[in-house]
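Below: one structure in structure tokens.
What you see below is based on every heavy atom in this structure, not just the backbone, and it leaves out hydrogens, waters and symmetry mates. Both ligands and their constituent atoms are indexed starting at 1 by order of listing.
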Amino acid sequence: MLTVKKQIVFAPKGKKGEIMKFKIVSDSSADMRTLSQVPFTSVPLKIITKETEYIDDGTIDIKAMQEAFLKYKGTSHTSCPNTAEYLEAFGDAEGVFCVTITSKLSGSYNSAISAKKAYIEEHPDRRVCVIDSLSTGPESALIIEKLEELIVSFADFDKVKEGIDEYLKKTRLIFALESMRNLANNGRVNPIVAKLAGILGVRVVGRASDEGTLEIVCKARGEKNAISDIVKNMVKDGFSDGRVRIHHANNIKFAEGVKAELLKLFPCVNAEIYEAGGLCSYYAEEGGLLVGFEV
Ligand code: X90
């Protein structure tokens with residue numbers, strides 16, 4: 001007997017038109033400039049000295065900025081996006097997912113929340129989810145990558161929200177800093193802690209705490225020790241085979257060292273290296289490294 005096999009057609013879950021109604025927005029601390037599948041805007045923070053204003057929109061020559069800071073003796077500070085800048089970035093998307101640097105160290109999250117209120121007041125049918133990364137740099141980048149995947153798979157606001165809420169429990173950030181001068185001068189860490197760590201020329205390894213603050217884990221003498229401290233702490237935090245994103249402040253060798261160490265333990269690890277942008281480079285300072293990973 002002849003049977004006619006039923007043809008099964010797999011329709012893409014998120015059709016192109018549906019996907020384009022969404023938008024991912026983040027501040028520039030995530031070091032993410034473009035996405036390929038979902039509309040995306042990075043809203044710049046600024047790094048301000050008495051002489052120069054650096055806008056963290058991907059145009060800063062990071063090496064030149066670091067060199068200028070090594071010579072510069074005056075004060076400097078940073079400023080986060082304001083409400084209007086976030087509103088402009090939301091554009092006319094029907095569903096916005098907005099990722100900010102930790103609200104414990106910046107006003108970026110509050111600006112995004114005000115923008116959400118204004119946006120929804122004007123367009124009651126639209127939806128905005130503001131995510132406090134409780135972190136920065138590569139951990140925020142992982143959250144953005146996941147949002148893109150979820151939007152492409154579901155093109156459904158509630159499903160994306162549900163998926164990202166789960167994912168937020170699974171990402172961590174560990175970092176190594178050469179100096180905490182800019183963090184301390186701007187009141188982002190206790191100056192006494194910074195003095196102990198930075199001025200003595202001791203590299204510190206730290207993590208983003210669950211509350212979104214900067215937590216020192218240990219002092220590491222030399223880059224080699226820092227590499228093994230980073231990897232040990234990742235494993236201690238539960239890393240096994242998740243994604244890893246390494247952002248370096250003008251120190252590719254350090255980043256490659258961490259990746260090589262990870263490859264020894266986890267030969268199939270998905271680890272990618274990127275240059276940190278202006279904001280993270282300013283605070284992590286020359287040679288600093290940030291490692292975002294999944295557990
Ligand atoms: O609003 C602003 O002006 C931005 C202030 C940002 C301050 C902190 C930036 C930290 C950058 C340094 C190591 C990672 C710390 C992570 C803590 C959660 C990178």
**Per-atom contacts, ligand 1 versus C80 - under 4.0 Å to a heavy atom** = 1 (O), 3 (O)

**same_hphob_cluster(I101, F175) at 4.5 Å side-chain heavy-atom cutoff** = yes

**Prompt:** Just which atoms of ligand 1 are under 4.0 Å from any heavy atom in L45?
**Reply:** 2 (C), 4 (C)

**Message:** I need the atoms of ligand 1 closer than 4.0 Å to a non-hydrogen atom of L214, numbered in the order shown.
**Reply:** 15 (C)

**K264 with E261: basic N within carboxylate O range, under 4.0 Å** = yes

**Message:** Please list, in number order, the atoms of ligand 1 under 4.0 Å from a heavy atom of S79.
**Reply:** 3 (O)

**Option passing side-chain contact (heavy atoms from CB on, under 4.5 Å) with I113 (candidates V128, V130, D132)** = V130

**Request:** May I ask you to check whether S108 has an N/O atom sitting below 3.5 Å from an N/O atom of ligand 1?
**Result:** no

**Asked** Which is it for S209 and ligand 1 at heavy atoms under 4.0 Å: side chain, backbone, both or neither?
**Response** neither

**Message:** Could you check whether R33 pairs with D56 (Lys NZ or Arg NE/NH1/NH2 to Asp/Glu carboxylate O, under 4.0 Å)?
**Reply:** yes

**Request:** For atom 17 (C) of ligand 1, grab the closest protein heavy atom and report residue, atom and distance to one decimal in Å.
**Result:** L105 CD1, 3.8 Å

**Request:** Rounded to the nearest 0.5 Å, what's the gap from CD on Q66 to NZ on K71? Could you check?
**Result:** 12.5 Å

**Prompt:** Just heavy atoms, cut-off under 4.0 Å: does N186 contact ligand 1 by side chain, backbone, both, or neither?
**Reply:** neither

**Asked** Taking both backbone and side-chain atoms of T78, is any N or O found less than 3.5 Å from an N or O belonging to ligand 1?
**Response** yes

**Message:** Does anything in residues 271-295 form a salt bridge (charged side-chain N to carboxylate O under 4.0 Å, His left out)? List the pairs, not counting sequence neighbours.
**Reply:** R181-E285, R243-E294, R245-E272

**Message:** Within the 4.5 Å heavy-atom criterion, are F293 and I174 side-chain neighbours or not?
**Reply:** yes

**Complete:** atom 1 (O) of ligand 1 sits nearest the protein heavy atom S106 OG, 2.7 Å

**Item:** Residue and atom name of the nearest protein heavy atom (relative to atom 18 (C) of ligand 1), distance in Å to one decimal
**Value:** A208 CB, 3.6 Å

**Asked** Thinking salt bridges, do R126 and E94 make one under a 4.0 Å N-O criterion?
**Response** no

**Prompt:** Is the ring centre of F266 less than 6.0 Å from the ring centre of F239?
**Reply:** yes

**Complete:** Quick note on ligand 1: atoms under 4.0 Å from a heavy atom of R188 include exactly 1 (O), 2 (C), 3 (O), 5 (C), 7 (C)

**Asked** What residue and heavy atom of the protein are closest to atom 11 (C) of ligand 1, and at what distance?
**Response** Y283 CB, 3.5 Å

